[in-house]
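Reckoned from all heavy atoms, side chains included, excluding hydrogens, waters and symmetry mates. Proteins get letters first, then strands, A, B, ... in listed order; numbering begins at 1 in each.
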Number of protein chains: 2
Amino acid sequence: MRKANIADVALRAGVSTKSVSRVLNDEPNVRPQMRAKIEEAIEALGYKPDLAARSLSSGRSFIIGLLFDNPSPNYTMKVLQGTLDACHQAGYQLVIENVDTASPTIGQAMEAMLQHRRMDGMVVTPPATDSPAVLDALERANLPYVRIAPNKFPGRSMTVSADDQAAVSDVVRHLWNLGHRRFGFVGGPASHGASMWRHDGFFAALAERGVEPGEIQEAEGDFTFTSGIGAGRQLLRAEPRLTAIFAANDDMAAGIFTAAAQLGIKIPDMLSVVGFDDSWIAKSVWPELTTMHQPIAEMAHIAVRTLIASRNGKAVKEPAPQNCHLIVRGSAGPVGQ
Amino acid sequence: MRKANIADVALRAGVSTKSVSRVLNDEPNVRPQMRAKIEEAIEALGYKPDLAARSLSSGRSFIIGLLFDNPSPNYTMKVLQGTLDACHQAGYQLVIENVDTASPTIGQAMEAMLQHRRMDGMVVTPPATDSPAVLDALERANLPYVRIAPNKFPGRSMTVSADDQAAVSDVVRHLWNLGHRRFGFVGGPASHGASMWRHDGFFAALAERGVEPGEIQEAEGDFTFTSGIGAGRQLLRAEPRLTAIFAANDDMAAGIFTAAAQLGIKIPDMLSVVGFDDSWIAKSVWPELTTMHQPIAEMAHIAVRTLIASRNGKAVKEPAPQNCHLIVRGSAGPVGQ
DNA sequence: GCCCCGATAGACAGCGCTGTCAATTTCGGG
DNA sequence: CCCGAAATTGACAGCGCTGTCTATCGGGGC
């Protein structure tokens with residue numbers, strides 16, 4: 001018993017193949033009665049349209065690309081999960097493309113990729129979101145794309161992002177309410193957009209509460225665990241000792257744990273630490289890390305839906321920034337004596 | 001200027017489209033001179049065959065599926081990297097499929113997936129490798145598949161695995177040479193194949209050196225960081241104190257770090273810890289974790305190549321077990337006084 | 001009751017490639 | 001130099017679906 005095709009369905013429903021096609025594609029001008037007949041036949045035969053044929057015939061490919069550049073596995077996996085799920089729901093396939101944004105030949109790599117694979121659209125994740133070469137190539141290929149949480153070129157494309165400012169402000173409120181008044185901040189390289197926003201948001205929220213920038217101890221890392229250790233050591237030298245440190249990502253926050261342990265400083269009794277990302281490492285330290293969860297999978301989901309919707313010619317309005325929320329675990333507690 | 005198709009190439013080379021097709025598919029019986037002409041034309045026009053048309057016409061899909069079931073992001077990312085790379089090289093696309101092996105409806109989920117997507121083959125990762133429902137569905141669909149490091153049903157399919165036994169034996173040699181004589185082992189659930197092998201390999205290698213099983217302290221975790229803390233606390237109660245602990249994966253090894261820190265036991269001065277997997281967490285503890293690296297990406301690469309080769313009708317011989325190697329970092333040192 | 005027009009359904013021709021099979025060329029041996 | 005077999009090339013018909021265009025239907029306005 002071979003797989004049913006559109007002709008089988010048409011035959012069983014006593015209609016033309018084109019009508020079946022109309023139902024499949026949700027086209028207008030199909031009488032309800034006919035639609036019902038056809039849907040019954042599809043159901044009965046377990047018919048699934050053949051993607052290759054559909055693609056060949058219509059020019060659409062039913063493939064969404066996911067472009068990523070090797071950031072943390074946690075992040076990528078979450079994006080993957082969101083895009084995958086959205087693609088499945090919409091009957092699309094997901095094709096993963098890994099590029100090296102920093103490579104000088106990135107332009108050619110993109111060309112090759114775009115020529116070879118026919119895609120209906122592409123989801124772009126940081127840091128590829130901020131590479132002019134990548135964006136240029138995409139635009140030259142006339143391929144619709146959505147960027148997730150880009151740091152540069154706002155307005156250049158459809159975009160889905162998180163509300164970083166509000167998120168950081170929540171972190172500050174949480175720590176403030178626990179009684180903390182002496183703060184440290186571990187940022188990433190100044191060139192990194194996300195790092196900058198988190199920095200600015202942190203300082204701004206504290207300023208609102210009357211804490212001057214000069215009162216806040218600051219160290220710079222590079223988003224790695226190791227750099228977090230160094231930053232932690234540096235900050236924990238301060239006298240009187242800080243009671244709370246906010247790190248711009250979880251890996252650096254975990255590094256602070258190690259620095260604290262080496263200095264005999266107990267978390268959370270003597271020091272509260274808050275991270276950002278709710279990445280996988282947050283549950284791999286003890287006590288588990290209080291951190292800001294970004295709805296990465298949801299953002300990815302939205303990105304795919306936006307892409308598919310825009311393909312249908314409908315003008316799609318930019319989705320609003322997504323809300324983050326604080327995951328309270330054990331690493332931040334009331335200020336000690 | 002629209003994209004070139006096979007007819008354009010044929011025209012430019014002054015041959016039939018079928019001949020071009022022969023060159024594209026590397027079929028025999030093409031004279032070198034003709035092949036050269038055609039390749040020149042392909043080059044000149046920058047021609048890339050259309051996957052959808054190829055697929056529709058030949059029945060092959062040029063798509064390889066990657067089936068995974070939500071294990072650690074690190075592991076999955078490595079598999080992803082390997083399969084992705086191999087697919088690219090062979091001009092295939094990779095489609096990710098996420099399933100829940102434990103779900104009671106896994107059979108139906110597999111059916112639905114296999115019906116909808118036409119694939120040329122599938123790479124299956126643990127724990128899906130050991131689910132009869134998954135394997136049954138694959139076989140019913142008559143889809144070639146390769147399992148990576150399966151724990152059950154040896155011989156049921158093509159398989160790529162690592163040489164766990166030899167790997168664990170290396171761990172033992174390393175610790176033994178550092179002077180350790182009092183060992184602890186943290187395993188996973190006994191039902192888990194990988195865990196069992198690592199357990200048996202560890203005990204066997206020590207037995208060779210005259211250490212009786214009864215002398216080895218043992219605790220059971222479930223591969224999570226948290227369970228590692230518990231296991232660590234339990235093992236570190238032993239008197240005289242153990243000098244080396246081997247954990248069946250890195251997450252649990254990291255848990256032991258936390259337990260040790262809480263008990264004031266310094267690593268590596270007072271305790272050596274070795275993990276398994278060389279996962280991402282290995283570099284997110286301090287000192288960094290000495291651990292066994294499995295060539296996961298390479299294994300995935302081989303799996304894809306095996307799949308593609310077997311598709312061509314050629315009988316493919318089972319690839320040999322892949323070699324692991326020990327990554328020496330700071331967590332295991334000479335036995336203290 | 002008739003005409004006109006929009007709504008609905010169907011016929012048909014490809015999309016770009018490969019499988020099949022037939023036509024042609026080449027080559028070795030007699 | 002001729003013949004048959006093997007090697008090489010090409011013609012052609014789809015693969016399963018959708019775009020385009022045409023035919024038909026149904027209903028409102030006069």
Q: Check the pair K3(B) / D8(B) against salt bridge (Lys or Arg N to Asp or Glu O under 4.0 Å), numbers first and verdict last.
A: CA-CA 9 Å; K3(B) 219 181 125 196; D8(B) 299 329; over 6 Å; no
Q: Could you walk me through whether T125(A) and T76(A) pass side chain to side chain contact (heavy atoms under 4.5 Å, CB included), step by step?
A: CA-CA 9 Å; T125(A) 62; T76(A) 307; over 6 Å; no
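At least one donor-acceptor pair closer than 3.5 Å links the side chain of R147(B) to the backbone N or O of T129(B).
Heavy-atom nearest nucleotides on DNA chain C were determined for S19(A) and for T17(B), and the one closer to the 5' end corresponds to S19(A). Sequence order on DNA chain C of the closest nucleotides to L56(A) and G14(A) puts G14(A) first from the 5' end.
Nearest heavy-atom pair across L143(A) and M122(A) is CD2-CB, 3.9 Å. Taking each heavy atom of Q294(A) and C324(A) in turn, the nearest pair found is CG-SG, 4.0 Å.
Chain B approaches DNA chain C over the interval dG16(C) to dT26(C), counting the first and last nucleotide 5' to 3' with an atom under 4.0 Å from its heavy atoms.
Atom CD1 in I6(B) sits about 16 Å away from atom P in dC12(D), given to the nearest Å. If you take NZ of K18(B) and C1' of dT8(D), they are 13 Å apart, rounded to a whole angstrom.
At the heavy-atom level, V20(B) lies nowhere under 4.0 Å from the strands shown. N29(B) comes within 4.0 angstrom of a nucleotide base, judged by non-hydrogen atoms across all strands. Residue F62(A) is out of contact with every strand shown, counting any heavy-atom pair closer than 4.0 Å.
Less than 4.0 Å separates DNA chain D from no heavy atom of any residue of residues 33-45 of chain A.
Partners of R31(B) according to the side chain to side chain donor-acceptor pair (under 3.5 Å) rule, which considers only residues two or more places apart in sequence or in another chain, do not exist here.
V134(A) places none of its side-chain heavy atoms less than 4.5 Å from the side chain of D69(A). Q89(B) has its side chain out of reach of V304(B): every pair of non-hydrogen atoms, C-beta onward, lies at least 4.5 Å apart.
Under 4.0 angstrom from either OP1 or OP2 of dT9(D) there lies at least one side-chain N or O belonging to R31(B).
A salt bridge is defined here as a Lys NZ or Arg NE, NH1 or NH2 lying under 4.0 Å from an Asp or Glu carboxylate O, and D130(B) with R156(B) fails to meet this definition.
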